[in-house]
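Read the structure below first, then the notes.
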Amino acid sequence: MKQSISILYIILRLFLGGFMVYGGVQKFANPSPTPIEVVNKAEKFKSAEKENTLQKILYISGAKQTGYFWQVLGVCELLFGLLLILQGTSFIGALFLLPITLHIFLFHLYLEPDEVGELLETGAFLGINIALILKEYKKWKHLLWLKPI
C-alpha cells in the first residue's frame, strides 16, 4: 500500500510538473499583441453580456503589455515545473509553484465561474500542489512552531 501511494505521488508530481513546463513554454509561443491590437480586440466585447470575456482579454493582455510579467510567469512555470519533475528538488518546486497554481485557480474562479470543467481542472492542479507540499510536512513543520530560546 505504501509503495502504491509513493507511485501515485510520483505520477502526480510528473503530471503537474509536465503541465507547468508546457504552460511555461506556451507563454513564449506567440508574440505579445500591440496595444492597438488589444484595443481592437476588446472593442468587439463591449456589450454587457460579454463582460466576462472582456475582463479575461484585458487581464491577460495587460500582463503581456507590461513587457516582462508574462515572460517572467513563463520562466517561473518552466523552472518550477522542472524542479518538480526532478526527484531531489520536487519539494522546492511544489512550494514555489503554489502561488502560481493558486493564481491560476483564482483566475478561473473569478473570471470564468461558469466554466465548471476548467474550475475542476485548475482546482485539481491546486489540490495536487497542496498534496505534494503536505506530503513533506515532517520536513517543514518545525518552521511553523518556533520555540523561544
Side-chain angles (χ1 to χ4, degrees), residues 1-33 35 38 41-42 45 48-149:
M1 181 68 173
K2 193 172 184 178
Q3 186 178 15
S4 298
I5 292 173
S6 293
I7 291 171
L8 176 64
Y9 276 108
I10 291 169
I11 291 169
L12 293 175
R13 199 168 44 86
L14 294 175
F15 175 73
L16 183 61
F19 179 79
M20 287 297 149
V21 168
Y22 175 77
V25 169
Q26 291 303 308
K27 299 279 187 286
F28 300 99
N30 298 321
S32 295
V38 173
K41 187 174 183 180
F45 298 96
E49 64 270 357
K50 296 181 182 180
E51 185 176 332
N52 283 347
T53 304
L54 180 61
Q55 287 176 324
K56 290 184 286 190
I57 289 169
L58 294 176
Y59 182 82
I60 292 173
S61 297
K64 290 179 179 181
Q65 291 302 306
T66 63
Y68 73 93
F69 182 77
W70 197 249
Q71 292 80 8
V72 169
L73 181 60
V75 168
C76 288
E77 285 180 359
L78 187 60
L79 177 63
F80 303 157
L82 288 173
L83 288 174
L84 188 60
I85 289 171
L86 300 172
Q87 186 172 354
T89 58
S90 63
F91 174 68
I92 199 78
L95 199 60
F96 287 167
L97 270 177
L98 185 60
I100 295 173
T101 56
L102 176 62
H103 178 263
I104 293 168
F105 174 71
L106 292 175
F107 171 87
H108 288 281
L109 179 65
Y110 286 99
L111 295 178
E112 292 185 331
D114 298 335
E115 299 288 336
V116 177
E118 288 191 26
L119 279 175
L120 292 174
E121 181 181 341
T122 57
F125 293 145
L126 179 60
I128 290 169
N129 201 163
I130 291 170
L132 292 172
I133 292 170
L134 290 177
K135 176 183 176 279
E136 305 295 338
Y137 177 72
K138 290 181 181 180
K139 292 182 181 178
W140 56 267
K141 74 177 180 179
H142 68 280
L143 297 173
L144 299 176
W145 316 115
L146 298 177
K147 296 178 184 176
I149 295 175

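Taking every heavy atom of both residues into account, Tyr9 and Ala131 meet most closely at CE2-O, 3.7 Å. Minimum interatomic distance between Trp140 and Ile133 (heavy atoms only, all atoms of both residues): NE1-O, 3.1 Å. Taking each heavy atom of Gly74 and Lys27 in turn, the nearest pair found is CA-CG, 3.5 Å. The two residues Leu58 and Ala42 have their closest heavy-atom pair at CD2-CB, 4.0 Å. Taking every heavy atom of both residues into account, Phe28 and Gln71 meet most closely at CZ-O, 3.5 Å. For the residue pair Leu119 and Pro113, the shortest heavy atom distance occurs at CD1-O, 3.6 Å.
Taking CG of Leu95 as the start and OG1 of Thr89 as the end, the distance is 12.0 Å to the nearest 0.5 Å. Atom CG of residue Leu134 and atom CG of residue Asn129 lie 10.0 Å apart, to the nearest 0.5 angstrom. One finds the CZ atom of Phe80 at 5.5 Å from the CD1 atom of Ile100 (value rounded to the nearest 0.5 Å). Distance NE2/His108 to NZ/Lys56: 8.5 Å, rounded to 0.5 Å. To the nearest 0.5 Å, atom CD of residue Glu115 and atom CG of residue Leu109 are 13.0 Å apart. With rounding to the nearest 0.5 angstrom, the CG atom of Leu106 is 8.0 Å from the NE2 atom of His103.
In this structure, the side chains of Leu102 and Leu126 come closer than 4.5 Å at one or more pairs of heavy atoms.
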Could you go through the side chain to side chain contact (heavy atoms under 4.5 Å, CB included) check for Thr101 and Phe105 one step at a time?
CA-CA 6 Å; Thr101 56; Phe105 174 71; over 6 Å; no
Apply the test side chain to side chain contact (heavy atoms under 4.5 Å, CB included) to residues Ile104 and Glu77: give CA-CA distance (whole Å), side-chain angles for both, the deciding distance (0.1 Å), then the verdict.
CA-CA 11 Å; Ile104 293 168; Glu77 285 180 359; 4.2 Å; yes
For a side chain to side chain contact (heavy atoms under 4.5 Å, CB included) check, start with the C-alpha distance between Asn52 and Phe45, then their side-chain angles and the critical distance, and finish with the verdict.
CA-CA 9 Å; Asn52 283 347; Phe45 298 96; over 6 Å; no
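Residues satisfying the side chain to side chain donor-acceptor pair (under 3.5 Å) criterion with Glu136, sequence neighbours excluded, are Lys139.
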If you look only at distance, which donor and acceptor atoms sit under 3.5 Å apart when one is on a side chain in residues 11-20 and the other is two or more places apart or in another chain?
unit_1 : atom_1 : unit_2 : atom_2 : d
Arg13  : NH1    : Leu84  : O      : 3.0
Arg13  : NH1    : Ile85  : O      : 2.8

